[in-house]
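Hydrogens, waters and symmetry mates play no part in the numbers below; they use all other heavy atoms, side chains included.
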Amino acid sequence: MATASARDYNFNEMTYSPRATEFLLNTNDDAQGVTLRIYDAGKDGKVLKKVEMKRDKNIAGEWHATIKGDLKGRFYTFDVKYNGKYMGENPGIFAKAVGVNGRRGAIIDMAETNPEGWEAGRHTNLMHIYDHIIYEMHHRDFSIDPSSGLEHKGKFLALTEPKAIEYLKDLGVNTIHILPSYDYASIDEERLAEGNYNWGYDPVNYNVPEGGYSTNPYDPATRIREFKLMVQALHKAGIQVVLDVVYNHTFSIDDGNFQKTCPDTFYRKNPDGSWSNGSGCGNETASDRDIMRAYMMASVKYWMEEYGIDGFRFDLMGVHDIETMNAIAQMVEEEFAKDNYSIPRFPPNVLLYGEGWSAGSCAYPNEKLAMKAHMKQMPAIAAFSDEMRDALRGPWDGDDKAAFLGGVPGFEESLKFGIAGATQHPQIDYSKVNYSKEPWANYSSQMISYVSCHDDMCLVDRLKTSIPNISQKDLIKLDLMAQTAVFTSQGIPFILSGEEMLRDKKGVHNSYNSPDSINHLDWNNLKRYPQVYNYYKNLIALRKHHIAAFSIGLSNKNLAKHLEFLPGGDCLVAYRYKDLKKLGDKWSNIIVILNGNNDKRTVKLPKSTYTIVGDGDTINEDGIYTLTTDEIIAPPRSAIIMHD
């Protein structure tokens, strides 16, 4: 099978005007023909028109057709012929609008999907890379429960409602990471009343919003307009939107649009001819090939330009190659610069981050993959720190195994690794770090600090599972201490939605298709545990007000000068951000003490008069109490924040 040749790909498969609609499709060079069909409906019904597309005279593998007249409201499919056999109807690889369940492309006027004032609200003001406070959210989780009080439950429009917007603003988060929101396979859009649930990591049409989150999946324009309304509302509130993208695999090979259009071109194979499975989902895409690299870049650019997306989180980024990830980073920076944003080349202003690992071995040299260990080769991209995550809660391969939060010694250096943003620091013994024996970040902005996300157990469930018979009081104290570590680190902080409500998932480890009863946020928890919400809110505010202290890692040289680890011990990590007024902070020094032990510990301090602003239960920047001392007793299972 001849694959698509190297060229500048045009993925604009459908261009509508009232006078005529133009169609274009990229195939492998040896395609024998392409049949275009026009339908009246998004599913079923008779073919209205059948057209044999014409091969481009100058570009092998590019096919064209023009149909005169106004086709708005119609639907279309492509069917490509190889070796005398048609591969099957599909909407193409770059459909921008689709019918129900994404089986047919839709012919619409995209300009008509723009909300009033869209051009002004399409982009929000870029923030410094260190200013991001990331809140990871699944549309259904956030709003589906009656206790949310939101009208558009489980829909894009929930995030346009004043209650939702004001809640996010009050909490202080400024970057919403939405789980996969493109058209995916596992939700039947014709059976939404049955309440089927999925995270959405099974892509079908990468460049169309998921119909299950719209109020009418049968109308192709509705999902697009409502997604834009969501972005517009968040931007108006000063909140950026990060899209979770899953370019590393598709839900299926044989039944997928890639394989039906360009057989054996978009996926990697093992030497024996079997499909490589670095995604753990049955296939892995080949970002190293020209057409897939071009596709990823075009898709990212499209979400930025058409939908105003501000950043991207790459699922299983370690499946992709380094060259492609750097090409995407360069492209998005140039796109924003083109729009007259005044930005420097570094630090990056477009937030790009991903999982620095794969789910299995890939049919591509490991040294060329965008793994966490290779982040120094990708200076404009960040990765999650599983070192910090697992140092706090316990190793990924055992839900019942505790670590620092459970009073298990031996994770102190791994926690310090996360505090320093995965960069070089002279006081860290890297031989004792759990997964990385050397720093992998050039700058601490390349590290995402977190303790839980949608995947794996949420924080509350992990604490309950790894610390048997833990009291509610201690659970809350450890929860707050974990987030204190996250938000006072040099990395970019990230929390799972609902953690501020003391969310749980009934102990379910992998809730990707669990019902709402497992995944929903119970907003009544805000009344049950107001202390938790207030602590998160005030911790976020403290970070924002003293970002000079928590963004030192932009320069490794400055980090060693301004971050000092104080004498600690087993399950005791203390650190001082010092000489901060030289960096523009109003406080001279900030000290953080994390005591994971089940008893109190004494910590030696530089003698001074200190104002305690965090005592493990509350945070108050105006001060809880003051003391003049050269040591302090850290209560069990608690975090102390103080300054002088």
One thing to verify: whether K544 and D131 come together as a salt bridge, which I'm taking to mean a side-chain N less than 4.0 angstrom from a carboxylate O. no
Is it true that D570 and R601 make a salt bridge, defined as a side-chain N closer than 4.0 Å to a carboxylate O? no
Donor on one side chain, acceptor on other, H132 and Y353, under 3.5 Å: no
Hey, could you give me the CG/CE distance between L159 and M230, rounded to the nearest 0.5 Å? 6.5 Å
Residue pair D479 / Q483, side-chain donor-acceptor N/O under 3.5 Å: no
Quick check: does any side chain N or O of D315 sit under 3.5 Å from a backbone N or O of G354, one acting as donor and the other as acceptor? no
Measure the shortest side-chain to side-chain distance between L351 and I129 over non-hydrogen atoms and say whether it is less than 4.5 angstrom. yes
Under 3.5 Å side-chain donor-acceptor pair for S299 and Y247: yes
How about Y529 and E500: does a side-chain donor come under 3.5 Å of a side-chain acceptor? no
Take K376 and E438 through the salt bridge (charged side-chain N to carboxylate O under 4.0 Å, His left out) test and state the conclusion after the steps. CA-CA 12 Å; K376 288 186 177 181; E438 61 182 21; 6.0 Å; no
Side chains of V242 and I309 in contact at under 4.5 Å (non-hydrogen atoms): no
Hey, what's the ring geometry for W357 with F384, parallel, tilted or perpendicular (30° and 60° as the breaks)? tilted
Can you confirm whether or not the ring centre of Y135 sits under 6.0 Å from the ring centre of H177? no
Determine whether more than 12 heavy atoms belonging to other residues, nucleotides or ligands lie under 6.0 Å from atom NZ of K432. no
Side chain E189, main chain N101, donor-acceptor under 3.5 Å: yes
Residue pair Y130 / S444, side-chain donor-acceptor N/O under 3.5 Å: yes
How far apart are the C-alpha atoms of F487 and F550, what are their side-chain angles, what is the distance that settles it, and do they pass the ring-ring contact (aromatic ring centres under 6.0 Å, His included) test? CA-CA 8 Å; F487 279 89; F550 306 120; 9.4 Å; no
Atom of H320, atom of S287 and distance for their closest heavy-atom approach: CA-OG, 3.3 Å
Minimum heavy-atom distance between L496 and C458, given as atom pair plus value: CD2-CB, 4.0 Å
Knowing that exactly one of F417, Y430, Y575, F565 qualifies, which makes a ring-ring contact (aromatic ring centres under 6.0 Å, His included) with H425? F565
With rounding to the nearest 0.5 Å, note down the distance linking CD in E161 to NZ in K153. 8.0 Å
Give the minimum heavy-atom separation between N524 and S147, together with the two atoms involved. ND2-CB, 3.7 Å
Could you check whether E226 and T215, counting side-chain N and O atoms only, form a donor-acceptor pair closer than 3.5 Å? yes
Is there a donor-acceptor contact under 3.5 Å linking the side chains of D202 and S186? yes
Are the side chains of L415 and E412 in contact, using a 4.5 Å heavy-atom criterion? no
For H138, the option from Y201, Y197, Y512 that meets ring-ring contact (aromatic ring centres under 6.0 Å, His included): Y197
Does the Lys NZ or Arg CZ of K163 fall within the cation-pi geometry relative to W523 - under 6.0 Å from the ring centre and within 45° of the axis? yes
Do you see a donor-acceptor pair shorter than 3.5 Å between the side chains of N519 and H454? no
Side chains of Y435 and S414: is there a donor and an acceptor less than 3.5 Å apart? no
Short side-chain to backbone donor-acceptor contact, R462 and D399, under 3.5 Å: yes
Is S436 reaching over with its side chain to a backbone N or O of P439, donor-acceptor style, under 3.5 angstrom? no
Just by distance, no angles: are the side chains of H546 and E621 close enough, under 3.5 Å, to form a donor-acceptor pair? yes
Between S638 and K477, does any side-chain donor sit less than 3.5 Å from a side-chain acceptor? no
Should L168 and I239 count as side-chain neighbours, where that means a heavy-atom distance under 4.5 Å? yes
Taking R637 as the fixed residue, which of D474, D617, D599 is the one that meets the salt bridge (Lys or Arg N to Asp or Glu O under 4.0 Å) rule? D474
Residues D170, K537: salt bridge by 4.0 Å N-O rule: yes
Report yes or no: do D429 and S431 form a side-chain donor-acceptor pair below 3.5 Å? yes
Would you say the side chain of D400 lies within less than 4.5 Å of the side chain of S466, judging by non-hydrogen atoms? no
May I ask you to check whether Y450 and D386 show a side-chain donor-acceptor distance below 3.5 Å? no
Return yes if some donor-acceptor pair links the side-chain N/O of Q490 with the main-chain N/O of A549 below 3.5 Å, else return no. yes
Check the side chains of S276 and E284 for a donor-acceptor pair under 3.5 angstrom, ignoring hydrogens and angles. yes
ring-ring contact (aromatic ring centres under 6.0 Å, His included) assessment of W303 paired with Y206: CA-CA 10 Å; W303 281 104; Y206 280 105; 9.9 Å; no
Is the centre of the Y307 ring less than 6.0 Å from the centre of the F227 ring? yes
Are N283 and N277 linked by a side-chain donor-acceptor pair shorter than 3.5 Å? no
Can you find a pair of side-chain heavy atoms, one from D244 and one from F312, that are under 4.5 Å apart? no
Does the ring center of F404 lie less than 6.0 Å from the ring center of F411? no
